[in-house]
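Structure first, then comments.
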2 protein chains.
Amino acid sequence: MSTIRMVSKLAGVSTATVSRALKNPELVATETRQKVMEAVRQSGYRPNQLAKNFSSGRSYNVVVLVPNVANPFFSRVIRGIEQEAQTKGYAILLGDTQGCIEREQEYARMGLTSQADGLIQLDRRFPFSDDDKALAAAVPFVNACERISSDATYPVVELDNRGAARAMGQYLLHCGHKDIAVITGPPDSPIVRDRLSGMQDALLAAGLGLTAERIVQGDFSMRSGFAAAEQLLQQNSLPDAIFSMNDEMAIGAMAALKAQDVRIPDDISVAGFDNIEFSAYTNPALTTIDQPAEAIGRQAMRALYQLMHQLPLPQSHLVLPYELIIRDSTQQKVHS
Amino acid sequence: MSTIRMVSKLAGVSTATVSRALKNPELVATETRQKVMEAVRQSGYRPNQLAKNFSSGRSYNVVVLVPNVANPFFSRVIRGIEQEAQTKGYAILLGDTQGCIEREQEYARMGLTSQADGLIQLDRRFPFSDDDKALAAAVPFVNACERISSDATYPVVELDNRGAARAMGQYLLHCGHKDIAVITGPPDSPIVRDRLSGMQDALLAAGLGLTAERIVQGDFSMRSGFAAAEQLLQQNSLPDAIFSMNDEMAIGAMAALKAQDVRIPDDISVAGFDNIEFSAYTNPALTTIDQPAEAIGRQAMRALYQLMHQLPLPQSHLVLPYELIIRDSTQQKVHS
DNA sequence: GTGAAAGCGCTAACAG
DNA sequence: CTGTTAGCGCTTTCAC
């Protein structure tokens, strides 16, 4: 590995001149510049980015904390972050936390040790340990998808989850469904509560409600969606429709219903949330709420960039638009 | 941000002592150690990892090049890499290349500039630009999932793709299918060729073959699987079975078949490859080849670790076991 | 237009 | 057991 010193020797100039020739060629005489370039070529010199970063005090890395990369919704968000980061000269340090608090804290600490210049948290927890909390205030931090409940507030990029769930509720009601069941996520998640509130808004406005029995808890995995639907199937009657708080649980639920020969959408409507790519290809194709995952990622990265560079942040709470996607897993209720 | 110097002043010792008290406490007198620890506590000192890395000449970062993080198979491989990396003290720099050669080269260059200590390539291309090629020999590099065809050889972690496809072929033949169609990936991909060869092995052994018409090219996306199936539907007759080279294309194909009211598996069997989680939840559930994605990732990271630390590599070509997973999308042919 | 020198924060070799 | 010093590779004053 050749260093700037070797190049300077080869070219017969000082290291400062090499540095200038590469960074600000206009400050260097043409002839000198050519000597330097030739020396660079000969030696195969590549500036050591580690040294550059060290001396600038910036790593040009950003940690992205994600509960599970294998979740297609999150991986789309990450793609968005990554695209925006690359155009800005930043790289992504992937922090797949698997929901584990220790891993989360370990990654978050990178923000304190200059291994990363900022953090994007896609989960609902404030990722710093108690020990780090005080220092964490200095670390550029953005929250996306979820919303951390804490005293301190951070820029958030999210969806109008309540509005989206309300829209889905209104649509299902419009289909003639009155008995709607919901498969939720972890109840301490703000977005889960928002989506539940949204659905309740819609039902309430129609003079209906959600009984405790019809609220089944999942954990956003297909397996849990499957289990949730089985639970609903064991109840006295089948609901008219199931609203699942993400597409994967909806897909799990559809499999459970199909296993019991319940027809979708004839016997029951099923709707999801997120609009992952698979949802367009399920059988039947899944009605859902589209989240602009890549855009969420890009916006989160943009906000983080502003923070990292002490630039003004137009709005610290960004709400991106949802879209109701009607496919074949829901239909007008057939009154029997 | 407090530095080691501030701590040393606070504690009334030298920076070296602070460094020692933190790294090798046993080399420091108890009393001194306590003074240092107190100073650390008071100042909220966190060692600057950037400086540490710079001075050690190692970044403790590893670049993972992946064509598409949003592909669930790759994201599982990445999870495996990430798990293994974390236990070894390395972090993952995510290089989502989107199949774009420039992005690939940009990320690969990080290996030359000490931003990363090694690379794992999940795609089939040698990622360094021509300019960088000569220097690249010094960068620890591991190839997983795919196999780069080049003069130089690198550790590879992969599946017995040919054997797996052969097993699938034998199974489909065993079902009584004689007219088998294949949805491939990019034809210049070695694993695509392996899988094609494997299928041909099986057919040949049964005195059968694959006509050009029955080989339809996709690009591993659901959309392309959908299009491929449509293409097959336009041919004079329907094949007995479709073998898709990944699950996503199989899922796309199933959607296309269903749209034409072709029944699976009654009218046609469909099989995939990878065993992504969704495959267990499709309707009908997809027969496929299981690839141990996480294990592939872990092994790739382990090999890279050996390389980065100049440790011996037991075998530079690791072939991990596949498993035929028979579900409901394939069945014994009903002779009509 | 160019060189010398200091410094980024930390570790390690060497003295004492 | 602890302090001094040099050095990792690069950028950036400050002189000349």
Side-chain angles (χ1 to χ4, degrees), chain A residues 1-37 39-40 43-61 89 109-117 135 138, chain B residues 1-37 39-40 43-61 89 109-117 135 138:
Chain A
M1 201 99 302
S2 58
T3 69
I4 200 171
R5 172 163 291 128
M6 299 178 192
V7 175
S8 74
K9 291 230 172 93
L10 238 176
V13 299
S14 74
T15 60
T17 300
V18 176
S19 178
R20 277 189 289 253
L22 293 172
K23 265 199 62 147
N24 305 90
E26 71 281 5
L27 296 181
V28 171
T30 314
E31 200 193 352
T32 317
R33 190 165 59 229
Q34 284 170 350
K35 274 195 302 186
V36 170
M37 291 316 189
V40 166
S43 60
Y45 171 67
R46 295 288 180 287
N48 185 322
Q49 192 64 36
L50 208 51
K52 228 183 244 185
N53 291 350
F54 165 60
S55 108
S56 74
R58 302 173 150 277
S59 66
Y60 293 99
N61 286 159
R109 194 145 38 81
M110 291 182 163
L112 294 173
T113 59
S114 294
Q115 282 192 92
D117 300 343
L135 301 159
Chain B
M1 200 101 302
S2 57
T3 70
I4 200 170
R5 173 163 291 127
M6 300 178 191
V7 176
S8 74
K9 291 230 172 92
L10 238 175
V13 299
S14 72
T15 60
T17 299
V18 175
S19 178
R20 275 189 291 254
L22 294 173
K23 264 197 63 146
N24 305 90
E26 70 280 7
L27 296 180
V28 171
T30 314
E31 200 193 353
T32 316
R33 190 165 59 230
Q34 284 171 349
K35 274 194 302 187
V36 171
M37 291 317 191
V40 165
S43 60
Y45 171 67
R46 295 288 181 285
N48 184 321
Q49 192 65 36
L50 207 51
K52 227 183 247 185
N53 291 350
F54 164 61
S55 110
S56 74
R58 301 171 151 279
S59 66
Y60 293 98
N61 286 160
R109 194 145 38 81
M110 292 182 163
L112 294 172
T113 59
S114 294
Q115 281 193 93
D117 300 342
L135 301 159

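For clarity, every value in this text was computed on a predicted model and none was experimentally measured. Reminder, nothing fancy here: chain letters follow the sequence lines and each chain counts from 1.
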Exercise for the section: Please confirm whether the backbone N or O of Ala51(B) pairs with a side-chain atom of Asn48(B), one donor and one acceptor, at under 3.5 Å? Expected result: yes

Interatomic spacing from [atom1] in [X] to [atom2] in [Y] - rounded to 0.5 Å:
X	Y	atom1	atom2	result
Gln49(B)	Leu112(A)	CD	CG	12.0 Å
Met110(B)	Arg46(A)	CE	CZ	15.0 Å
Arg33(A)	Asn24(A)	CZ	CG	11.0 Å

For a quick test of reading the model, state the closest non-hydrogen atom pair linking [X] to [Y] and the distance between them.
X	Y	value
Asn53(B)	Tyr60(B)	OD1-CD1, 3.5 Å
Ser2(B)	Ser43(B)	OG-O, 3.3 Å
Ser59(A)	Ala116(A)	OG-CA, 3.3 Å
Met1(A)	Met6(A)	O-CE, 3.8 Å

Completion exercise
Taking five pairs at each terminus, the helix from dG1(C)-dC16(D) to dG16(C)-dC1(D) shows an axis bend, to 10°, of 50°

Handout entry: Close residues, residues 18-29 of chain A, relative to DNA chain C [heavy-atom separation under 4.0 Å]
Key = Arg20(A), Leu27(A), Val28(A), Ala29(A)

Exercise for the section: Scan residues 1-17 of chain B against DNA chain C and write down, sorted by residue number, each residue with any heavy atom closer than 4.0 Å; if none is found, say none. Expected result: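 Those residues are Thr3(B), Ile4(B), Ala16(B).
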
Problem - For DNA chain D, the residues among residues 51-58 of chain B that have a non-hydrogen atom under 4.0 Å from it - result: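 Heavy-atom cutoff 4.0 Å gives Phe54(B), Ser55(B).
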
Handout entry: Where chain A begins and ends its contact with DNA chain D, read 5' to 3' at 4.0 Å from heavy atoms
Key =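 In short, chain A contacts DNA chain D from dG9(D) to dT13(D).
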
Practice task
Take Arg46(A) and Glu31(B), find for each the nucleotide of DNA chain D with the closest heavy atom, and name the residue whose nucleotide sits nearer the 5' end.
Solution key: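 Mapping each residue to its closest nucleotide by heavy atoms, the 5'-most match is Glu31(B).
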
Practice task
Could you check if a side-chain atom of Val36(A) sits within less than 4.5 angstrom of a side-chain atom of Val40(A), using non-hydrogen atoms only?
Solution key: yes

Exercise for the section: Would you indicate whether the side-chain heavy atoms of Asn61(B) and Asn61(A) approach each other to under 4.5 Å? Expected result: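 Yes; the side chains approach each other to less than 4.5 Å.
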
Got a list of side-chain donor-acceptor pairs under 3.5 Å for residues 9-23 of chain B, not counting sequence neighbours?
| residue | atom | partner | partner atom | Å |
| --- | --- | --- | --- | --- |
| Ser14(B) | OG | Ala16(B) | N | 3.4 |
| Ser14(B) | OG | Thr17(B) | N | 3.3 |
| Ser14(B) | OG | Thr17(B) | OG1 | 3.2 |

